[in-house]
Amino acid sequence: MSTKFYITTPIYYVNARPHIGHAYTTIACDTIARRHRMLGDDTWFLTGTDEHGQKIERAAQAAGKTPQQFTDEVSAEFRALWEHMGLTHDDFIRTTSARHQKGVQALWRKIRDNGYIYKGTYTGQYCVSDELYVDAEPGAPCPDCGRPTETVHEENYYFKLSAFQDQLVRLYTEQPDFIRPETRRNEVLSFVRGGLRDLSISRSTFSWGIPVPDDPKHVVYVWLDALANYITALGYGSSDPSKFDRYWPADVHMIGKEIVRFHCVYWPAFLLAAGLPLPKGITAHGWLLFEESKMSKSRGNIVRAETIVDVLGTDALRYFLLREVVFGQDGSFSFDALVQRYNSDLANGLGNLASRTLTMIMRYFKGEVPYPSHAAHTSADAAIADAARKAIADYGALFDQYQFSRALETAWALVSAVDKYIVENEPWSLGDKQDEESRSRLATVLYTSAEALRIVTALVHPVMPDSTAKIWAQMGLGDIRKFDLTQLQWGQLRLGTKLGEVQAVFPRADKSAVERMQKMEEQSVGTGASPVQSSEVRPPATTPASQTAPAKSPAAIPDGKISIDDFAKVELRVGQVKTAERVKGADRLLRLEVDLGTEVRQLVAGIAEAYEPETLIGRKVVIVANLAPRKLRGLESNGMIVAASPEGGKPVLASFLEDVPIGTRLK
């Protein structure tokens, strides 16, 4: 019997066109929804656009359009981008739709009839940018966005938010997973314990909104309007509430951290007032930063998702965002980091494993999965099987906690293990021999590699649906969308399976990929999208992009010297050695696994003559963390360990006299 699962994105405000900050949230939800479908769950995935409010009305006026024309155009851009990216939402709600208006008015009446709405007058500060009432002096900036607030004096309807303070505190303390991560929960708990005031939930000085029932000179406050989308999309307040009865309450509302208060304080209070069940959980992720600043139109640091999709493909963007960024924390984006991660993990990692494994099966076994020999079975084969079983268990547990980066790290640990296994067993050498023992061993090595590839492909399919579908088909396994993920286990690859046509899934990206993406962003000026500032020019966050001076040529640097900008490009971080072992056939090389706080990296270092592997375990070292990966003796090295190498002497690792947290950046 399938389990119900309902997941939502926030609905996106249509004052500006979509960028990868919007794509980040939607990709995360799409990935979760895809995994639940693979697990056989009855899944409903909702997204949409938020189209009312004073800010939209003013943006439309500035564009010389009616609010409806303006919102129609921008909402269509969101829908077109999600379609271009192949996202699998089941519904797209617009707050200007008739079904939404009907549901909002039904919710208003329910709250009003239950005695939680009264009429009054509001005089105070209002942030139009955030559509937020602000407790501040006239002229004071908004505490959230820093923009000037406006003094508002108007007749309003009020919601008795203060009546729910104790209930909300109990909710947060008795259900600690209601808000995740814990930092956001603590923020909300502190805010509510500080005292809740009744909330103005209507506006009467402009008209772009949903009319208040029985008093049309008022429109519903945009946040009550917007938050209700999670139930109006299911048919709340309509003649057919079957979807509402089936899917509500939501299993998770996925949101950005800047709208935590609205979702974790106002929304539960509205639902309690209406006598409706609360969502099971609210998860807030961090910001996606470009040049250490949140992406925003006013700062001119928008990155369009289309640019990345058109150059590297949707899966490259999906993988980067979920692997590079620790979900719940702020994460950095750059084209350079995107291409490096693409080449190291996809082109050289999963793509290379698929290509060489399947190509060798084609070459040595006429494209049919070979029969492994029990007689040729070794401890190395058993180790790969054990690693695969562990990956299945660990990946699922981490993914269910939305620890995407760590889950993918687990899957790629299996990729690395198989890569090492292939190098050490040298199937290409076995293939040159014709004796029965070599053929049996070759069959075992290639079956083991292919089975591990199958497991990784199934696990990461929700993250990279297009490329994994291609690998699955190349393995002769049909349509991966029909695979039941609950049944995934080692040893299911059927012997004799005929492979499909083998083709490279992740062609390596060269430097021109970065240049092409940067050029595409520059050309977006004038098309309605904002350009990304060059990494060499970073205006202050308070300076509008339109007032930023053009970049000047760099000043001449004396011979042998580098500028501070050049040094800033090198990312040095503190790591701790978790694993160390000698590289087979290389006297000077050690293979290290180094914990950088957010991930564990494999490095190959030429320090074997100076250090015994066991002496390095637990040692803190300095790592060049943003070095392009390279292969040494068939092993990929993702970074470089810093050491002093005296002329003619042995290398000495850089270290610290005092304790330094893992992951700390050296400056």
How close do [X] and [Y] get, heavy atom to heavy atom, and via which atoms?
| X | Y | result |
| --- | --- | --- |
| Val325 | Gly331 | CG1-CA, 3.8 Å |
| Cys29 | Thr9 | SG-CG2, 3.7 Å |
| Thr410 | Ala391 | CG2-CA, 3.8 Å |

Please test Thr25 against His285 for side chain to side chain donor-acceptor pair (under 3.5 Å), starting from the C-alpha separation and ending with a verdict.
CA-CA 8 Å; Thr25 317; His285 62 73; 2.8 Å; yes
Student check: side-chain heavy atoms of [X] and [Y] closer than 4.5 Å:
| X | Y | answer |
| --- | --- | --- |
| Arg180 | Tyr402 | yes |
| Arg601 | Asp595 | no |
| Phe320 | Asp345 | no |
| Leu346 | Trp412 | yes |
| Lys578 | Val594 | no |
| Pro249 | Leu278 | no |
| Glu51 | Ser75 | yes |
| Arg34 | Met38 | no |

Would you check, one step at a time, whether the test salt bridge (charged side-chain N to carboxylate O under 4.0 Å, His left out) holds for Arg35 with Asp41?
CA-CA 9 Å; Arg35 178 172 168 83; Asp41 293 336; over 6 Å; no
Distance, nearest 0.5 Å, that separates CH2 of Trp490 from NZ of Lys390:
15.5 Å
For [Y], is there any backbone N or O sitting under 3.5 Å from a side-chain donor or acceptor partner on [X]?
| X | Y | result |
| --- | --- | --- |
| Gln492 | Gln487 | yes |
| Ser355 | Asn352 | no |
| Arg318 | Val463 | yes |

Using side chain to side chain donor-acceptor pair (under 3.5 Å), reason through Asn425 and Arg441 one step at a time and then give a plain yes or no.
CA-CA 9 Å; Asn425 284 276; Arg441 183 66 195 141; 2.8 Å; yes
For the residue pair Arg439 and Phe365, would you count it as a cation-pi contact if the rule is NZ or CZ under 6.0 angstrom from the ring centre and within 45 degrees of the ring axis?
yes
With a cut-off of under 6.0 Å to the ring centre and 45° to the axis, is Arg323 in cation-pi contact with Phe404?
no
Please determine whether salt bridge (charged side-chain N to carboxylate O under 4.0 Å, His left out) holds for the pair Arg246 and Asp42, giving the CA-CA distance in whole Å, both sets of side-chain angles, and the decisive distance to 0.1 Å.
CA-CA 10 Å; Arg246 180 177 179 181; Asp42 176 12; 3.0 Å; yes
Are a donor atom and an acceptor atom from the side chains of [X] and [Y] found within less than 3.5 Å of each other?
| X | Y | answer |
| --- | --- | --- |
| Asp381 | Thr378 | yes |
| Arg356 | Ser449 | no |
| His253 | Thr8 | yes |
| Asp240 | Ser242 | yes |
| Tyr6 | Thr43 | no |

Test of ring centre spacing under 6.0 Å for [X] and [Y]:
| X | Y | result |
| --- | --- | --- |
| Trp287 | Phe333 | no |
| His19 | His22 | yes |
| Trp248 | Tyr230 | no |

Scan residues 456-469 for pairs that pass side-chain hydrogen bond (donor to acceptor under 3.5 Å, both in side chains), counting only residues two or more places apart or in two chains.
Asp315-Ser467, His461-Thr468
Residue pair Thr88, Arg37: steps toward the side chain to side chain donor-acceptor pair (under 3.5 Å) verdict
CA-CA 11 Å; Thr88 60; Arg37 293 188 193 108; 2.9 Å; yes
So salt bridge (Lys or Arg N to Asp or Glu O under 4.0 Å) across residues 77-88, not counting sequence neighbours, yields Arg17-Glu77
Which residue is it: Trp44, Phe45, Tyr236? I am looking for the one with a ring pair (Phe, Tyr, Trp, His ring centres under 6.0 Å) to Tyr247.
Trp44
Verdict with supporting geometry, Lys243 and Asp91, salt bridge (charged side-chain N to carboxylate O under 4.0 Å, His left out):
CA-CA 12 Å; Lys243 279 195 177 68; Asp91 195 3; over 6 Å; no
Mutual orientation of the aromatic rings belonging to Trp82 and Phe78 [parallel < 30°, tilted 30-60°, perpendicular > 60°]
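Correct class here is perpendicular.
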Test side chain to side chain donor-acceptor pair (under 3.5 Å) applied to Thr486 and Asp484, step by step:
CA-CA 5 Å; Thr486 63; Asp484 182 354; 2.5 Å; yes
Mind running salt bridge (charged side-chain N to carboxylate O under 4.0 Å, His left out) on Glu521 and Arg304 for me, showing each step along the way?
CA-CA 7 Å; Glu521 288 300 295; Arg304 300 177 308 141; 3.2 Å; yes
